[in-house]
Amino acid sequence: MSSWDAETYGSRWSEIYDGLPWPGPDQAVDFLAKLAGNGPVLELAIGTGRIAVPLVERGIEVHGIDSSDEMTEKLREKEGGAGIPVTKADISAFKVEQSYSLAFLVLNTVYALQTQEAQLSCFASAAAALEPGGHFVVEAFMPDPTRFRRNSWTQVHDIGLDHVLIEADKHDPSTQQILEQHIHLNQGKVELFPAFLRYVWPSEMDLMARLAGMSLVERFGGWLGEPFNARSGNQVSVYRRDAV
Ligand SMILES: C[S@@+](CC[C@H](N)C(=O)[O-])C[C@H]1O[C@@H](n2cnc3c(N)ncnc32)[C@H](O)[C@@H]1O
């Protein structure tokens, strides 16, 4: 498909990542803290610590996995981020030394894995990292193929006297892959921020979890515990590792 690999996201986005208008972490942190038990907890694709750092501030021991040195460097620069143990690994296939009460993979990052096989293997790795009864929480947007016309989509996200920010996407419904380019034009300068992804339907995600030895506990429409239904734009799925 492309030369996208596990390190591409970090190398292309790390410089601007913390300046992007992400939702505040408080709701996610409240939700995850309730499931943390005695910890420690494991964040898959920990990034710059948007969620991990406030969790640590609540007294929860957090460990992380990420494939990007650039993202981990940004985490290290933060107060509270320097002490978080981060293992450089691909979340599609990893092994950890200990077991965790909670593992989580948020902000659509399960979709950063480009194939069903890689996603399935990620679920298996996450299940193996959990103690029996431990939870795996996945947050991701709900796929909406209706936004594509002839399998493509463009949108102007921002515009000013000297700049424009355009998103251009290609969709392949047969593979559930979306290739996104976020194009920043600023005076004479052009910068490209790619995000290649494979979305997953909730039913498919539940099957991946079952194959990995986990069961769906509950699915919400957001971090506040909103009901999940046909109008939900987001899903927060809570899986529990089955007893062995
Ligand atoms: C959208 S950021 C999310 C970071 C953080 N979880 C947050 O909520 O802000 C995606 C992160 O996933 C990491 N990542 C992408 N693909 C990965 C892979 N295959 N294995 C490990 N990390 C990966 C990137 O390096 C980046 O830090």
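All ligand and atom numbering here is 1-based and tracks the order in the structure.
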Practice problem: Taking atom CD of Gln155 as the centre, report whether more than 12 heavy atoms of other residues, nucleotides or ligands fall under 6.0 Å from it. | Solution: yes
Practice problem: Using a 4.0 Å heavy-atom cut-off, say whether Ala89 meets ligand 1 through its side chain, its backbone, both or neither. | Solution: backbone
Quiz item: Backbone, side chain, both or neither: what part of Glu7 comes under 4.0 angstrom of ligand 1, heavy atoms only?
Solution: neither
Quiz prompt | Short N or O distance, Tyr17 and ligand 1, threshold 3.5 Å exclusive | solution = yes
Quiz item: Against heavy atoms of Ser68, which atoms of ligand 1 measure under 4.0 Å?
Solution: 25 (O)
Self-check item: Numbered atoms and elements of ligand 1 in range of Leu113, under 4.0 angstrom, heavy atoms
Solution: 19 (N)
Quiz item: Are side-chain N/O atoms of Arg240 and Ser215 paired as donor and acceptor at under 3.5 Å?
Solution: no
Quiz item: In terms of ring plane angle, is the pair Phe193 and Trp13 parallel, tilted or perpendicular, where the classes change at 30° and 60°?
Solution: tilted
Exercise. Report yes or no: does a heavy atom of Glu70 sit under 4.0 Å from some atom of ligand 1?
Key: no
Quiz item: How close does the nearest protein non-hydrogen atom get to atom 19 (N) of ligand 1, and which residue and atom is it?
Solution: Asp90 OD1, 2.9 Å
Quiz prompt | Shortest non-hydrogen contact from Ala140 toward Asn234 | solution = O-OD1, 3.0 Å
Practice problem: Would you check whether Ile91 has a nitrogen or oxygen atom less than 3.5 angstrom from a nitrogen or oxygen atom of ligand 1? | Solution: yes
Self-check item: Ligand-residue contact atoms, ligand 1 with Met71, heavy atoms, under 4.0 Å
Solution: 25 (O), 26 (C), 27 (O)
Practice problem: Report yes or no: do Asp5 and Thr8 form a side-chain donor-acceptor pair below 3.5 Å? | Solution: yes
Quiz item: Nearest protein heavy atom to atom 16 (N) of ligand 1, by residue and atom, and its distance?
Solution: Ala6 O, 3.7 Å
Quiz item: According to the interplanar angle, ranging from 0 to 90°, do the rings of Trp22 and Tyr17 count as parallel (below 30°), tilted (30 to 60°) or perpendicular (above 60°)?
Solution: tilted
Quiz item: N/O to N/O below 3.5 Å, does that happen between Asp66 and ligand 1?
Solution: yes
Quiz prompt | Qualifying residues under salt bridge (charged side-chain N to carboxylate O under 4.0 Å, His left out), relative to Arg147, sequence neighbours excluded | solution = Asp169
Quiz item: Hey, is Trp13 touching ligand 1 through its side chain, its backbone, both or neither, going by heavy atoms under 4.0 Å?
Solution: neither
Quiz prompt | Polar contact flag for Thr109 and ligand 1 (N/O pairs, less than 3.5 Å) | solution = no
Practice problem: Decide, yes or no, whether a salt bridge links Glu7 with Lys88 under the criterion of side-chain N to carboxylate O below 4.0 Å. | Solution: yes
Self-check item: Residue selection (non-hydrogen contact nearest atom 6 (N) of ligand 1) among Ala45, Ala195, Ala28
Solution: Ala45
Quiz item: More than 12 heavy atoms of other residues, nucleotides or ligands under 6.0 Å from CZ of Arg210: is that the case?
Solution: no
Quiz prompt | Top protein contact for atom 8 (O) of ligand 1, by heavy-atom distance | solution = Arg50 NH2, 3.0 Å
Quiz item: So which heavy atom in the protein is nearest atom 23 (C) of ligand 1, and how far is it from that ligand atom?
Solution: Ser67 OG, 3.2 Å
Quiz item: Under 6.0 Å between the ring centres of Phe123 and Phe136?
Solution: yes
Quiz item: Is it the side chain (CB and beyond), the backbone, both or neither of Val106 that lies under 4.0 Å from ligand 1, heavy atoms counted?
Solution: side chain
Quiz item: With atoms numbered from 1 as shown, which atoms in ligand 1 lie under 4.0 angstrom from a non-hydrogen atom of Glu43?
Solution: 5 (C), 6 (N)
Practice problem: Classify the angle between the aromatic ring planes of Phe148 and His171 as parallel (below 30°), tilted (30 to 60°) or perpendicular (above 60°). | Solution: parallel
Quiz item: How far apart are the closest heavy atoms of Lys78 and Val53, and which atoms are they?
Solution: CD-CG2, 4.5 Å
Quiz item: What part of Ile46, side chain from CB on, backbone N/CA/C/O, both or neither, has a heavy atom under 4.0 Å from ligand 1?
Solution: backbone
